[in-house]
Amino acid sequence: MTKHPQSHILKAALWMIGAIFSFSSMAVAGRQIADSHDTFEIMMYRSFIGLGILCMFLTYSQRWREITTHRFGMHIARNVVHFSGQNLWFYAITVIPLAQVFTLEFTSPIWVIVLAPFLLNEAINRSKMLSAILGFIGVLIVARPTPETIDWGVACAAFAAFFFALTYIFTRNLTQTVSVACILFWMTAIQAILGIITVTADFEVTLPTLTTTPWLLIVAVAGLLAHFCISTALTIAPATVVVVFEFGRLPFIFVVGWLLYGEDIELWVVLGALLIFSAIYLNVWSETRAATTRSNDKQETHD
């Protein structure tokens with residue numbers, strides 16, 4: 001198996017620290033303005049700010065030619081499910097502990113494993129099946145659902161993970177034919193329109209104030225920065241390394257929730273999180289090993 005220089009792992013770790021900080025900042029900012037803006041308003045303002053940032057980037061880098069309407073239907077489908085998932089996520093962070101939200105969000109890769117055979121025509125092998133089973137057991141440990149104790153916050157976080165998985169699948173499909181810049185542009189543009197539609201549905205729109213504007217800026221910038229950090233880390237180090245650092249979001253958000261909101265760290269959440277992480281890591285490690293084996297076999301054939 002290919003060894004990766006320690007300096008590369010260190011650089012990837014630094015980028016992932018940026019991602020962890022960004023995701024956590026977005027969660028805290030979203031909770032801070034939850035009393036002033038509903039989730040649809042947060043998404044609308046986030047999309048407006050993100051669209052402005054992307055337009056400046058595209059102009060500065062002279063990459064407007066990459067923005068096309070090719071496969072526009074897929075862009076719409078992707079952003080409808082992502083908009084739905086993000087709204088559920090923003091609602092969940094206001095009603096249940098942040099640790100639970102982040103733990104349940106990590107089930108997205110498990111959903112990808114389950115959905116990939118149907119939406120991407122990808123085969124599911126034994127390691128993927130085992131990963132899915134372990135992941136769902138972890139979810140049950142975290143949520144501990146019973147008919148008497150159904151928690152809508154937990155349900156929203158779980159459904160958000162499902163929608164994020166669909167978003168990932170649609171994104172992977174789009175990346176075969178369009179650029180990342182194009183995907184991000186239509187993400188912010190389409191979701192801004194969806195935000196306007198949902199916000200004005202009840203004929204009540206709360207405008208940003210001097211108090212909420214800085215938090216809205218943090219939500220928008222942190223969201224873009226988090227995905228940029230993860231993408232950059234993946235170009236430096238393999239997924240098996242990056243996923244370990246990404247899971248560092250959980251202990252970090254445990255501490256944030258405890259310090260800022262007095263949230264207790266439940267043993268069940270920790271145990272469930274460890275099981276979900278094990279499932280994700282098993283799948284990523286298995287895929288990386290298989291890819292390395294195929295590469296070595298191909299090299300031997302050429303030799």
Side-chain angles (χ1 to χ4, degrees), residues 16 19-20 23-24 26-27 30 78 81-120 122 124-146 149-172 223 226-227 230 239-240 242-254 257 265-287:
M16 289 310 299
I20 290 169
F23 277 122
S24 301
M26 186 168 63
R78 177 200 181 277
V81 296
H82 184 259
F83 183 81
S84 302
Q86 197 68 72
N87 273 286
L88 290 169
W89 186 87
F90 274 121
Y91 173 75
I93 64 174
T94 66
V95 294
I96 63 174
L98 295 176
Q100 272 190 309
V101 177
F102 275 54
T103 300
L104 291 169
E105 182 187 351
F106 268 96
T107 61
S108 290
I110 308 301
W111 279 113
V112 171
I113 293 172
V114 174
L115 296 171
F118 306 100
L119 299 178
L120 292 174
E122 292 184 359
I124 181 168
N125 53 32
R126 283 183 294 180
S127 64
K128 288 183 178 181
M129 181 65 71
L130 178 59
S131 295
I133 293 172
L134 289 175
F136 283 120
I137 293 174
V139 172
L140 293 176
I141 291 174
V142 173
R144 303 186 303 283
T146 65
T149 60
I150 293 178
D151 190 315
W152 288 111
V154 171
C156 285
F159 276 110
F162 174 76
F163 284 122
F164 288 154
L166 286 174
T167 301
Y168 177 83
I169 289 173
F170 289 146
T171 301
R172 187 158 64 177
H227 292 288
I230 291 176
T240 45
V242 173
V243 73
V244 175
F245 290 115
E246 186 176 7
F247 208 75
R249 276 200 275 161
L250 280 177
F252 186 80
I253 206 64
F254 287 170
I265 302 176
E266 295 185 14
L267 177 61
W268 289 110
V269 174
V270 175
L271 291 175
L274 289 174
L275 194 56
I276 292 170
F277 168 71
S278 299
I280 295 170
Y281 189 81
L282 171 64
N283 182 58
V284 175
W285 174 80
S286 176
E287 289 296 306

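What you are looking at is a predicted structure, and each value in this text was computed from that prediction instead of being measured.
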- Exercise: identify the closest heavy-atom pair between Phe252 and Ser24: CD2-OG, 3.1 Å

- Phe163, CZ: over 12 other non-hydrogen atoms inside 6.0 angstrom: yes

- Item | Exam field: side chain Thr107 to backbone Ala161, donor-acceptor pair closer than 3.5 Å | no

- Query: What about Trp111 and Phe159, are their ring centers closer than 6.0 Å?
  - Reply: no

- Gap between atom CD1 of Ile137 and atom CD1 of Ile276 - 0.5 Å precision: 11.0 Å

- Item | CA sep, side-chain torsions, deciding dist, call: Gln100, Asp151, side chain to side chain contact (heavy atoms under 4.5 Å, CB included) | CA-CA 12 Å; Gln100 272 190 309; Asp151 190 315; 5.5 Å; no

- If you round to the nearest 0.5 Å, how far is CD1 of Ile110 from CD1 of Ile133? 10.5 Å

- Task: Measure across Cys156 and Leu88 and return the closest heavy-atom pair with its distance rounded to 0.1 Å.
- Result: O-CB, 3.6 Å

- Note on the structure: Looking only at heavy atoms, the pair that brings Leu250 and Ala99 closest together is CD2-O, 4.0 Å

- Note on the structure: Minimal heavy-atom distance between Ala132 and Val114, with the atoms involved, is CB-CG2, 4.2 Å

- Item | Sequence-distant partners of Phe254, ring-ring contact (aromatic ring centres under 6.0 Å, His included), two or more places apart | none

- Message: On a heavy-atom basis, which atom in Ser127 and which in Leu282 lie closest, and how many Å separate them?
- Response: O-CD2, 4.1 Å

- Task: Report the C-alpha distance between Tyr91 and Asn87 in whole Å, list the side-chain angles of each, state the deciding distance to 0.1 Å, and finish with yes or no for side chain to side chain contact (heavy atoms under 4.5 Å, CB included).
- Result: CA-CA 6 Å; Tyr91 173 75; Asn87 273 286; over 6 Å; no

- Please walk me through it: do Phe170 and Val81 pass side chain to side chain contact (heavy atoms under 4.5 Å, CB included)? CA-CA 9 Å; Phe170 289 146; Val81 296; 3.9 Å; yes

- Note on the structure: Tightest non-hydrogen contact, residues Leu134 and Ala279, listed as CB-CB, 3.7 Å

- Interatomic distance, Thr167 atom OG1 to Phe162 atom CZ [nearest 0.5 angstrom]: 10.0 Å

- Message: Does Trp89 form a side chain to side chain contact (heavy atoms under 4.5 Å, CB included) with Phe102? I'd like the steps, not just the answer.
- Response: CA-CA 9 Å; Trp89 186 87; Phe102 275 54; 3.9 Å; yes

